[in-house]
Amino acid sequence: MLKKSVRISVVLTGLTVLFGIYIHSLIPDTLYIAKGEKAHIESLPMISFSPKAALGSRSVTSAEKPLQYTARLFGVLPLKTVNISSTARRTVSVAGTPFGIKMFSDGVMIVGFSDISTTTGYQCPAKLAGLKMGDVILNFNGSLPKSNDDVENFILKNTDRPIDVTFLRNGVQQHTTLIPVMDAESGVYRTGMWVRDSSAGVGTMTFYDVQKGMFAGLGHGIKDTDTQQDIRLLSGEIVPVSIMGLTKSKNGETGELKGTFLTDIPMGKVLANSANGVYGRMFIPPADNIMEIAYPQEITTGDAYILTTINGTKAKKYSIVIEKIALTTSNQNKNLVIRITDSELLSLTGGIVQGMSGSPIIQNGRLVGAVTHVFVNQVDRGYGVFAQNMIFSMDNAAKVAEAAA
């Protein structure tokens, strides 16, 4: 009888340890809470927080000076140390409306290659120089090419002379020598590389910060369509858009919103193209539909809704379910898993379509995040980014812009 009790005790202890390890993996290293509120994680009600060491009744008072608290399982078993900072709860004007984005890259990106017909056969000088798709040309012989025309004109002037090329690959600056060859058909010197200096598209505005005059949208960065590399921002602007139609999503094939730019007059300036969205200044920011930003730990699985525009210029509300919350993921724009449940939206779009990225996700009257990606093989489901992550990126973009001014 004693041996059986010991075995049961060992098994229970082992299961508790395994459960504790699993819960430990779900607890973030840092929590931000509103001033005067207690730390808690809605999706982990079995976790409580107590001051680490002898802090007594000391409260969390400053975002600049986080305090260390111990996360305890069932109030007893210590699992990990968490830094907790108190911040003023942010409020923003929630959007869900479409906008057009025009971006010019810092340098020109290689998006393709072609072989040149020469008197000695076909050649591709760019490939021979070791250049690859996605490389960003920073300068030719110390001269910065800002556009496709700059590249073409430089090559025409240098003919067959070697060109010292500085380029960026995966964030690392490198050098090579490129020697153009004469195209036997046209008599013009060429390098065999295709480059792109700009990009344009349609997305969804997530929110405006009325006090800062800043906007946040998309929930993910803008990538080049051919290379899928992040575009290094030189300059950019946003313009109003009207959605004129769409192609529906179906499993294995993502649909797309089709919009038209209403004017060439910009309504804002893009300041940053980051992993979790595009950010910039709004010239005349709106001040309606004001909501609080939810802290990630306040989000729960279950019912929520998105604001998105699939016709015209006005956003509508559509029901969704938040299926998963990842408080500890290192991925900056895949913090939530959502599923579209609204029958009207499913009937019209089939699920999530391109152009819906940035659509605000609202739960319990607060902005919790934005739609970022669709599951290609299950188009009624997709990822979302925490609104708090977008706030941090927007604030950083504002600081960088102010420092450069």
Side-chain angles (χ1 to χ4, degrees), residues 92-105 198-209 214-225 228-231 233 235-247 249 254-264 266-283 285-286 306-316 318 332-334 336 338 340 345 349 351-362 367 369-374 379 382-387 389-391 393-394 397:
V92 295
S93 174
V94 178
T97 49
F99 70 121
I101 309 164
K102 299 178 180 180
M103 286 182 53
F104 292 90
S105 60
S198 61
S199 179
V202 173
T204 299
M205 189 76 67
T206 308
F207 62 82
Y208 312 90
D209 188 308
M214 295 279 290
F215 72 84
L218 290 189
H220 60 70
I222 299 176
K223 297 179 180 292
D224 180 81
T225 54
Q228 290 304 299
Q229 298 288 322
D230 290 335
I231 295 176
L233 177 67
S235 63
E237 60 188 29
I238 59 172
V239 295
V241 159
S242 179
I243 303 300
M244 308 301 291
L246 61 85
T247 55
S249 285
T254 305
E256 183 180 12
L257 294 177
K258 297 180 179 180
T260 181
F261 288 12
L262 295 178
T263 177
D264 287 331
M267 62 180 186
K269 179 181 179 181
V270 179
L271 297 178
N273 177 35
S274 73
N276 54 26
V278 294
Y279 305 90
R281 295 283 183 197
M282 285 290 292
F283 298 148
I306 63 172
L307 288 173
T308 197
T309 307
I310 58 174
N311 184 47
T313 60
K314 292 186 178 181
K316 287 185 62 177
Y318 299 99
Q332 295 185 54
N333 56 32
K334 294 181 179 179
L336 303 167
I338 66 168
I340 305 295
L345 187 59
T349 66
I352 299 171
V353 298
Q354 293 182 38
M356 285 172 59
S357 295
S359 297
I361 302 171
I362 292 98
L367 176 65
V371 178
T372 59
H373 299 82
V374 60
V379 294
Y383 286 113
V385 59
F386 289 143
N389 288 359
M390 297 183 74
I391 282 286
S393 292
M394 183 194 70

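These numbers come from the heavy atoms of this one structure, side chains and all, not from hydrogens, waters or symmetry mates.
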On a heavy-atom basis, which atom in S359 and which in L307 lie closest, and how many Å separate them? CB-O, 3.3 Å
Using modelled atom types only, decide if a donor and an acceptor are shared between the side chain of T349 and the backbone of I352 within a distance under 3.5 Å. no
If you look at every heavy atom in A397 and Y279, which pair is closest and at what distance? CB-CB, 4.1 Å
For the backbone of T254 and the side chain of S249, can you confirm whether one donor and one acceptor N or O come within less than 3.5 Å of each other? no
Measuring only between side-chain heavy atoms, which start at C-beta, is K102 closer than 4.5 Å to E237? yes
Are any of the side-chain heavy atoms of I306 and I361 separated by less than 4.5 Å? yes
What one should report as the nearest heavy-atom pair of A387 and L367 is CB-O, 3.8 Å
With rounding to the nearest 0.5 angstrom, report the NE2 to OH distance, H373 to Y383. 9.0 Å
Run N333 and T372 through side chain to side chain donor-acceptor pair (under 3.5 Å) and show every step you take. CA-CA 7 Å; N333 56 32; T372 59; 4.9 Å; no
With side chains defined as the heavy atoms from C-beta onward, is the minimum distance between Y318 and I340 less than 4.5 Å? no
Which heavy atom of T263 sits nearest a heavy atom of P240, and at what distance? CG2-CG, 3.5 Å
Distance from I238 atom CD1 to I101 atom CD1, nearest 0.5 Å? 8.0 Å
Reported CE-to-NZ distance for the pair M282 and K269, which is rounded to 0.5 angstrom: 15.0 Å
Taking the side chain as everything from C-beta on, heavy atoms only, tell me whether V92 gets closer than 4.5 Å to I391. yes
Evaluate the side-chain proximity of K258 to T247: yes if any heavy-atom separation is below 4.5 Å, no if none is. yes
Rounded to the nearest 0.5 Å, the OG1 atom of T204 sits from the CD1 atom of I243 at a distance of 7.0 Å
Please step through side chain to side chain contact (heavy atoms under 4.5 Å, CB included) for the pair F261 and V202, ending with a clear verdict. CA-CA 9 Å; F261 288 12; V202 173; 4.1 Å; yes
Here the gap from S242 atom OG to N311 atom CG, rounded to the nearest 0.5 Å, amounts to 7.0 Å
If we only count heavy atoms from C-beta on, is the F207 to M390 side-chain gap below 4.5 Å? yes
So which atom in V353 and which in E256 form the shortest heavy-atom distance, rounded to 0.1 Å? CB-N, 3.8 Å
Does a side-chain heavy-atom distance below 4.5 Å link R281 with L271? yes
Check Y208 against A95 and note the closest heavy-atom contact, atom names and distance. CE1-CB, 3.5 Å
Kindly determine whether M356 and L257 satisfy side chain to side chain contact (heavy atoms under 4.5 Å, CB included), including the steps that lead there. CA-CA 8 Å; M356 285 172 59; L257 294 177; 4.2 Å; yes
Stepwise, does the side chain to side chain contact (heavy atoms under 4.5 Å, CB included) test hold for M267 with F99? CA-CA 9 Å; M267 62 180 186; F99 70 121; 3.7 Å; yes
Can a donor-acceptor pair be found, under 3.5 Å and without considering hydrogens, that links the side chain of T313 to the backbone of P98? no
